[in-house]
There are 2 protein chains.
Amino acid sequence: MVRGKTVIKRIEDKTRRQVTFSKRRSGLFKKARELAVLCDVQIGVLVFSSTGRLYEYSNTRDMYIFWNKDGQG
Amino acid sequence: MVRGKTVIKRIEDKTRRQVTFSKRRSGLFKKARELAVLCDVQIGVLVFSSTGRLYEYSNTRDMYIFWNKDGQG
DNA sequence: GGGTCTATATATAAACC
DNA sequence: TGGTTTATATATAGACC
(Lines give C-alpha, C1' and ligand atoms only; values in the text may rest on other atoms or scores of the structure.)
Protein backbone atom coordinates (compact mmCIF):
# COMPACT_ATOMS: atom_id res chain seq x y z
CA MET A 1 0.00 0.00 0.00
CA VAL A 2 2.95 2.25 0.07
CA ARG A 3 6.31 2.44 -1.59
CA GLY A 4 4.99 0.71 -4.67
CA LYS A 5 1.69 -0.95 -5.33
CA THR A 6 1.33 -4.34 -3.66
CA VAL A 7 1.12 -7.28 -6.01
CA ILE A 8 -1.03 -10.09 -4.70
CA LYS A 9 1.29 -13.09 -4.86
CA ARG A 10 3.01 -15.19 -2.24
CA ILE A 11 5.59 -13.21 -0.28
CA GLU A 12 8.74 -15.27 -0.49
CA ASP A 13 10.72 -13.54 2.23
CA LYS A 14 9.81 -15.27 5.47
CA THR A 15 10.15 -12.23 7.70
CA ARG A 16 8.15 -9.96 5.45
CA ARG A 17 5.52 -12.67 5.07
CA GLN A 18 5.21 -13.01 8.83
CA VAL A 19 4.90 -9.26 9.37
CA THR A 20 2.30 -8.92 6.64
CA PHE A 21 0.40 -11.90 8.03
CA SER A 22 0.21 -10.32 11.45
CA LYS A 23 -0.93 -6.96 10.16
CA ARG A 24 -3.43 -8.15 7.59
CA ARG A 25 -4.88 -10.77 9.89
CA SER A 26 -5.71 -8.02 12.37
CA GLY A 27 -7.23 -6.00 9.56
CA LEU A 28 -9.35 -8.90 8.35
CA PHE A 29 -10.72 -9.62 11.81
CA LYS A 30 -11.48 -5.96 12.32
CA LYS A 31 -13.42 -5.86 9.05
CA ALA A 32 -15.30 -8.98 10.07
CA ARG A 33 -16.27 -7.43 13.41
CA GLU A 34 -17.42 -4.25 11.71
CA LEU A 35 -19.52 -6.10 9.14
CA ALA A 36 -21.10 -8.21 11.87
CA VAL A 37 -22.10 -5.17 13.91
CA LEU A 38 -23.09 -2.80 11.11
CA CYS A 39 -25.20 -5.33 9.24
CA ASP A 40 -26.31 -7.54 12.10
CA VAL A 41 -25.10 -10.79 10.55
CA GLN A 42 -23.38 -13.90 11.83
CA ILE A 43 -19.78 -14.28 10.82
CA GLY A 44 -17.02 -16.79 11.26
CA VAL A 45 -13.43 -16.37 10.09
CA LEU A 46 -10.76 -19.02 10.47
CA VAL A 47 -7.12 -18.66 9.54
CA PHE A 48 -4.75 -21.58 9.71
CA SER A 49 -1.13 -20.54 9.39
CA SER A 50 1.57 -22.61 7.77
CA THR A 51 3.15 -23.03 11.20
CA GLY A 52 0.00 -24.77 12.31
CA ARG A 53 -1.44 -22.02 14.42
CA LEU A 54 -5.18 -21.32 14.31
CA TYR A 55 -6.65 -17.83 14.52
CA GLU A 56 -10.35 -17.21 14.57
CA TYR A 57 -13.14 -14.70 14.91
CA SER A 58 -16.79 -15.45 15.31
CA ASN A 59 -19.79 -13.64 16.71
CA THR A 60 -22.11 -16.61 16.80
CA ARG A 61 -22.50 -19.88 18.63
CA ASP A 62 -24.35 -21.43 15.72
CA MET A 63 -21.23 -22.27 13.81
CA TYR A 64 -19.10 -25.35 14.17
CA ILE A 65 -15.86 -25.65 12.31
CA PHE A 66 -13.68 -28.70 11.92
CA TRP A 67 -10.24 -29.01 10.44
CA ASN A 68 -8.78 -32.05 8.79
CA LYS A 69 -5.10 -31.52 9.48
CA ASP A 70 -4.22 -34.59 7.48
CA GLY A 71 -6.10 -33.34 4.48
CA GLN A 72 -4.74 -32.37 1.13
CA GLY A 73 -5.26 -28.63 1.37
CA MET B 1 -15.89 6.44 5.06
CA VAL B 2 -17.05 9.57 3.50
CA ARG B 3 -19.55 12.22 4.37
CA GLY B 4 -18.90 11.73 8.06
CA LYS B 5 -16.92 9.12 9.92
CA THR B 6 -18.68 5.77 10.12
CA VAL B 7 -19.73 4.70 13.59
CA ILE B 8 -19.66 0.98 14.09
CA LYS B 9 -23.16 0.20 15.28
CA ARG B 10 -26.10 -1.57 13.73
CA ILE B 11 -27.47 0.28 10.70
CA GLU B 12 -31.15 0.64 11.37
CA ASP B 13 -32.25 1.66 7.88
CA LYS B 14 -32.91 -1.57 6.03
CA THR B 15 -31.89 -0.30 2.60
CA ARG B 16 -28.67 1.28 3.80
CA ARG B 17 -27.89 -1.87 5.81
CA GLN B 18 -28.39 -4.03 2.72
CA VAL B 19 -26.19 -1.82 0.56
CA THR B 20 -23.44 -1.70 3.16
CA PHE B 21 -23.68 -5.47 3.61
CA SER B 22 -23.19 -6.07 -0.07
CA LYS B 23 -20.22 -3.73 -0.34
CA ARG B 24 -18.41 -4.71 2.84
CA ARG B 25 -18.98 -8.41 2.27
CA SER B 26 -17.17 -8.08 -1.04
CA GLY B 27 -14.41 -6.18 0.68
CA LEU B 28 -14.04 -8.79 3.41
CA PHE B 29 -13.80 -11.64 0.93
CA LYS B 30 -11.26 -9.73 -1.10
CA LYS B 31 -9.12 -9.15 1.99
CA ALA B 32 -9.39 -12.84 2.83
CA ARG B 33 -8.25 -13.83 -0.66
CA GLU B 34 -5.32 -11.43 -0.51
CA LEU B 35 -4.21 -12.66 2.90
CA ALA B 36 -4.43 -16.28 1.74
CA VAL B 37 -2.28 -15.63 -1.30
CA LEU B 38 0.24 -13.19 0.16
CA CYS B 39 0.91 -15.23 3.29
CA ASP B 40 0.22 -18.72 2.00
CA VAL B 41 -2.32 -19.61 4.67
CA GLN B 42 -5.62 -21.48 4.74
CA ILE B 43 -8.66 -19.33 5.27
CA GLY B 44 -12.36 -19.81 5.65
CA VAL B 45 -14.93 -17.05 5.95
CA LEU B 46 -18.62 -17.63 6.45
CA VAL B 47 -21.32 -14.98 6.56
CA PHE B 48 -24.88 -15.82 7.42
CA SER B 49 -27.27 -12.98 6.68
CA SER B 50 -30.39 -12.22 8.67
CA THR B 51 -32.43 -13.25 5.66
CA GLY B 52 -30.91 -16.71 5.96
CA ARG B 53 -28.55 -16.53 3.03
CA LEU B 54 -25.08 -18.01 3.36
CA TYR B 55 -22.01 -16.46 1.78
CA GLU B 56 -18.60 -18.05 2.00
CA TYR B 57 -14.99 -17.94 0.95
CA SER B 58 -12.41 -20.63 1.47
CA ASN B 59 -9.17 -21.61 -0.16
CA THR B 60 -8.85 -24.99 1.47
CA ARG B 61 -10.54 -28.35 1.45
CA ASP B 62 -9.37 -29.09 4.98
CA MET B 63 -12.10 -27.08 6.59
CA TYR B 64 -15.60 -28.25 7.36
CA ILE B 65 -18.14 -25.83 8.68
CA PHE B 66 -21.57 -26.60 10.05
CA TRP B 67 -24.38 -24.30 11.00
CA ASN B 68 -26.99 -24.94 13.59
CA LYS B 69 -29.85 -22.90 12.20
CA ASP B 70 -31.96 -23.68 15.23
CA GLY B 71 -29.28 -22.44 17.58
CA GLN B 72 -29.43 -19.51 19.89
CA GLY B 73 -27.07 -17.22 18.07
C1' DG C 1 7.55 -10.79 17.69
C1' DG C 2 4.93 -6.48 18.92
C1' DG C 3 4.37 -1.08 18.74
C1' DT C 4 5.09 3.51 16.25
C1' DC C 5 5.40 6.55 12.27
C1' DT C 6 4.46 8.10 7.61
C1' DA C 7 3.40 8.03 2.89
C1' DT C 8 0.38 6.09 -0.15
C1' DA C 9 -2.90 2.52 -1.86
C1' DT C 10 -7.53 0.95 -0.90
C1' DA C 11 -12.08 0.64 0.82
C1' DT C 12 -16.26 2.63 0.96
C1' DA C 13 -20.65 6.10 2.13
C1' DA C 14 -23.48 8.78 -0.31
C1' DA C 15 -25.57 10.11 -4.49
C1' DC C 16 -27.00 9.03 -8.78
C1' DC C 17 -28.32 6.00 -12.67
C1' DT D 1 -31.05 -4.49 -6.59
C1' DG D 2 -26.54 -3.70 -9.28
C1' DG D 3 -23.02 -0.39 -11.49
C1' DT D 4 -20.51 4.21 -11.46
C1' DT D 5 -18.54 8.31 -9.46
C1' DT D 6 -16.29 10.99 -5.98
C1' DA D 7 -14.75 12.53 -1.65
C1' DT D 8 -12.79 10.94 2.31
C1' DA D 9 -11.73 7.49 5.98
C1' DT D 10 -8.89 3.42 6.56
C1' DA D 11 -5.52 -0.07 5.86
C1' DT D 12 -1.03 -1.02 5.42
C1' DA D 13 4.30 -1.49 3.44
C1' DG D 14 8.48 -0.19 4.84
C1' DA D 15 11.53 1.62 8.23
C1' DC D 16 12.67 1.97 12.81
C1' DC D 17 12.49 0.61 17.87
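Numbers restart at 1 for each chain; the letters A, B, ... are given by sequence-line order, proteins then strands. These numbers come from the heavy atoms of this one structure, side chains and all, not from hydrogens, waters or symmetry mates.
- Around atom CZ of A:Arg10, more than 12 heavy atoms belonging to other residues, nucleotides or ligands sit under 6.0 Å away.
- The aromatic rings of B:Phe21 and B:Tyr55 lie perpendicular to each other, with more than 60° between the two planes, well past the 30° mark.
- Between the P atom of C:dA11 and the CG atom of B:Leu28 lies a distance of 12 Å, rounded to the nearest Å.
- The base of C:dA13 lies close enough to the side chain of B:Lys23 for a donor and an acceptor atom to sit less than 3.5 Å apart.
- Remark: the A:Gln42 side chain and the A:Asp62 side chain contain an N/O donor-acceptor pair separated by less than 3.5 Å.
- Listed nucleotides D:dG14, D:dA13, C:dA13 differ in distance to B:Arg24; the shortest reach to its side chain belongs to C:dA13.
- For the pair A:Lys5 NZ and C:dT8 C1', the computed distance is 12 Å after rounding to whole Å.
- The separation between B:Leu35 atom CG and D:dA11 atom P is 15 Å, rounded to whole Å.
- Projected onto DNA chain C by closest heavy-atom contact, B:Arg16 and A:Arg53 fall at different nucleotides, the more 5' of which corresponds to A:Arg53.
- The nucleotide whose nearest atom lies closest to any side-chain atom of B:Thr20 is, among D:dG14, C:dA13, C:dA11, C:dA13.
- Among the heavy atoms of the strands, none lies under 4.0 Å from B:Gln18.
- Ranking C:dA11, D:dA11, D:dA13 by closeness to the B:Glu34 side chain, first place goes to C:dA11.
- Taking atom OH on A:Tyr55 and atom C1' on C:dG2, their separation rounds to 12 Å, with Å as the unit.
- A:Ser22 contributes no side-chain N or O that, together with a main-chain N or O of A:Gln18, makes up a donor-acceptor pair within less than 3.5 Å.
- One atom, NZ of A:Lys31, and another, P of D:dT10, lie 9 Å apart when rounded to the nearest Å.
- The nearest whole Å value for the distance from the CD1 atom in A:Ile8 to the P atom in D:dA11 is 16 Å.
- You'll find that the side chain of A:Lys30 is closest to D:dA11, out of D:dA11, C:dG2, D:dA13.
- A:Ser58 and A:Thr60 are not linked by any side-chain donor-acceptor pair at a separation below 3.5 angstrom, with hydrogens and angles left out of the test.
- Rounded to whole Å, the distance from CZ on B:Arg25 to C1' on C:dT12 is 15 Å.
- Taking atom CZ of B:Arg17 as the reference point, atom C1' of D:dT1 lies 16 Å away to the nearest angstrom.
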